[in-house]
There are 2 protein chains.
Amino acid sequence: MNAVDGKPGLRERKKQRTHAAISDAAIALFLEHGFNQVSVAQVAEAAEVSKRTLFAYFPTKEDLVLHRLADHETESARVVRARPPRTTPLAALREHFLRGLRERDPITGLNDHPQVLRLTRMILDAPSLAARMEGFRSGAERALAQALVETAGTSDLTARLAAVQIVGVQWTLAQDNAARLAYGQSADERCAGAVADAEEAFRLLENGLRHLSRQ
Amino acid sequence: MNAVDGKPGLRERKKQRTHAAISDAAIALFLEHGFNQVSVAQVAEAAEVSKRTLFAYFPTKEDLVLHRLADHETESARVVRARPPRTTPLAALREHFLRGLRERDPITGLNDHPQVLRLTRMILDAPSLAARMEGFRSGAERALAQALVETAGTSDLTARLAAVQIVGVQWTLAQDNAARLAYGQSADERCAGAVADAEEAFRLLENGLRHLSRQ
DNA sequence: GAGTAATTCTGCACCTGGTATACATTTACT
DNA sequence: AGTAAATGTATACCAGGTGCAGAATTACTC
């Protein structure tokens, strides 16, 4: 930034352009040839940047793909913190998830744009990418637990238990939707089922597993 | 194995000894100098084995440490499958977890033998080890979901939702116990609290998050 | 507008985890 | 004893990632 005005200077803008150039080159190459088939050296060359510079922008190869999803890690926590008064955390999260379904937010697994589908498949096909997604999941759990402690006044353990359950359920719903779309179903076809499943899942979350099995 | 009797032959025994020798050398070195500070080449040398042979026994460096925990991945699924008649899956899992606490099963986080403590700290300190533990967790979820489908007659989605919640809760309880012991508390001191927390957690699992927050 | 300090980029060598190949050694069976 | 199968080894190699020294670029000052 310049000293006087708040505008980003040339240096800042150049950095942003480089960042985007590397990420774009990476994703294009990965989508075309597969994540494991393309080396970071090739990505650097395509982005006209040295390998060393690439790693200055993205700490690992996986981040070339997943940096876009990084802020979803704190999404549930933000929703809980920003919920309207007299709303329970669970209700706020349910409404947010249902809205995500209606709006075809990719995070719900209910977006069937070809680019999104190919990206999803790429992530599921590359073990190291899938593993880092699990890392996001536990990050989301931590963030949500913190938000619950601070805004719902629960004990620390209760908050962590609730967070694990909630994030796990959202994750499962999204994976299920993504799997069905990957299998060929369209988002519009799936939508009603996805909404019904989500409502059922949040009901389960509210009422517990008491009626899981009669035996 | 020999053709006639069922005893393991020399080849088999030698393999087992080599396997144990590599694992022991690895863990000793890792505990002494840290997981990231020791290379697999050093482990191979200490075990008097070539690097190539080491990787024939353990597919990755992380497996040198975590192969011992691998069968915990299916533990919950086995408990559900083997539950006595007229017992609900949740009740069986609760009893199993409480028994684990009483018996100081390391998987519950309530074992304070110095070796266990050091191993726990080592795993938490090395990101790649912690990441693979997350992988075990999702493996446990899959296995438990499968067991629920087959023995409790739930739908596939319900089973996966329940499995995610159950495994997540067990995981959280164990982590909480492990953190307290790492902080210096003894297993005996922690035991009563651990039991109370586990009972509370399974109650939450049964009854749901309805009473999470009054707002 | 020239000069200088601070960033940023680069090329290079290097380390480590993991794999391919080709060959030597050991075990098991006849 | 001899042979086939399984194991082990040495070597070279690839890819992700880091440290370092210096070149190039940007930002600030006079």
Side-chain angles (χ1 to χ4, degrees), chain A residues 1-23 25-26 29-30 33-67 126-132 135, chain B residues 1-23 25-26 29-30 33-67 126-132 135:
Chain A
M1 293 227 274
N2 282 331
V4 189
D5 47 22
K7 290 179 194 170
L10 173 58
R11 194 164 263 170
E12 210 65 27
R13 276 177 287 146
K14 217 170 179 178
K15 269 173 82 168
Q16 288 179 16
R17 267 193 302 146
T18 306
H19 185 94
I22 296 174
S23 172
L29 283 174
F30 291 155
H33 303 109
F35 183 75
N36 289 318
Q37 277 60 56
V38 178
S39 71
V40 293
Q42 289 174 282
V43 173
E45 194 182 9
E48 293 179 306
V49 146
S50 79
K51 200 177 87 169
R52 207 67 185 73
T53 300
L54 185 151
F55 279 114
Y57 281 87
F58 299 92
T60 71
K61 186 184 183 185
E62 286 74 31
D63 284 299
L64 289 167
V65 177
L66 300 182
H67 70 103
S128 65
L129 287 176
R132 267 199 61 113
Chain B
M1 296 226 279
N2 282 330
V4 189
D5 47 23
K7 290 178 194 168
L10 172 57
R11 192 164 267 171
E12 211 65 27
R13 276 177 288 149
K14 214 168 181 181
K15 269 172 82 169
Q16 288 180 16
R17 267 193 300 149
T18 306
H19 186 93
I22 296 174
S23 172
L29 283 174
F30 291 156
H33 303 110
F35 183 75
N36 289 318
Q37 276 59 56
V38 179
S39 73
V40 291
Q42 288 175 282
V43 173
E45 195 181 9
E48 294 180 307
V49 147
S50 81
K51 200 175 84 168
R52 204 71 182 67
T53 298
L54 185 151
F55 280 114
Y57 281 87
F58 299 92
T60 70
K61 185 183 184 186
E62 287 74 32
D63 285 299
L64 289 167
V65 177
L66 299 182
H67 70 104
S128 66
L129 287 175
R132 267 200 58 115

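Letters A, B, ... mirror the listed sequences (proteins, then strands); counts begin at 1. Because the structure is predicted, anything quoted here is derived from the model rather than measured.
- For Lys51(B) and dT9(D), the shortest distance from a side-chain N or O to OP1 or OP2 is not below 4.0 Å.
- Here the nucleotide nearest the side chain of Thr18(A), chosen from dC9(C), dA20(C), dG11(C), is dC9(C).
- Across Glu62(B) and Ser128(B), no two heavy atoms sit closer than the pair OE2-OG, 3.0 Å.
- A straight line from CD of Glu48(A) to C1' of dT10(C) spans 14 Å, rounded to a whole angstrom.
- Residue Val38(B) is in sugar-phosphate contact alone, with no base atom involved, counting any heavy-atom pair closer than 4.0 Å across all strands shown.
- The CD-P distance, from Glu12(B) to dG8(D), rounds to 11 Å in whole Å.
- When rounded to the nearest whole Å, the span between CD1 of Ile22(A) and P of dT8(C) equals 14 Å.
- Smallest separation of non-hydrogen atoms from Val40(A) and Lys61(A): CG1-CG, 3.6 Å.
- More than 12 heavy atoms of other residues, nucleotides or ligands lie within 6.0 Å of CD in Gln37(A), so this atom counts as buried by the packing criterion.
- Put simply, the side chain of Tyr57(A) does not reach to within 4.5 Å of the side chain of Val49(A), judged on heavy atoms.
- No hydrogens or angles were tested; on distance alone, a donor-acceptor pair under 3.5 Å links the side chain of Arg52(A) to the base of dG19(D).
- Under 4.0 angstrom from either OP1 or OP2 of dG18(C) there lies no side-chain N or O belonging to Lys61(B).
- Within a heavy-atom distance below 4.0 Å of DNA chain C, the residues of residues 53-60 of chain A found are Thr53(A), Tyr57(A).
- Taking atom CZ on Arg132(B) and atom P on dG17(C), their separation rounds to 15 Å, with Å as the unit.
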Go through it in stages, so that I can follow the logic: the residues are Arg132(A) and Asp63(A), the test is side-chain contact (heavy atoms from CB on, under 4.5 Å), and I'd like the CA-CA distance, side-chain angles, deciding distance and then a yes or no. CA-CA 9 Å; Arg132(A) 267 199 61 113; Asp63(A) 284 299; 3.1 Å; yes
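- The nearest whole Å value for the distance from the CZ atom in Arg13(A) to the C1' atom in dT8(C) is 16 Å.
- Under the side chain to side chain donor-acceptor pair (under 3.5 Å) criterion, Gln42(A) pairs with Ser39(A), sequence neighbours left out.
- Rounded to an integer number of Å, the gap from CG of Leu129(A) to C1' of dG16(D) is 14 Å.
- The nearest whole Å value for the distance from the CG atom in Leu64(A) to the C1' atom in dG17(D) is 13 Å.
- In terms of position on DNA chain C, the residue among Ser39(B) and Val49(A) whose nearest nucleotide sits closer to the 5' end is Val49(A).
- One can place CZ of Phe30(A) at 12 Å from C1' of dA15(D), the figure rounded to the nearest angstrom.
- Out of dG17(C), dT26(C), dA20(C), the shortest distance to the side chain of Lys14(B) is found at dT26(C).
- Listed here is the closest heavy atom pair of His67(B) and Ser23(B): NE2-OG, 3.0 Å.
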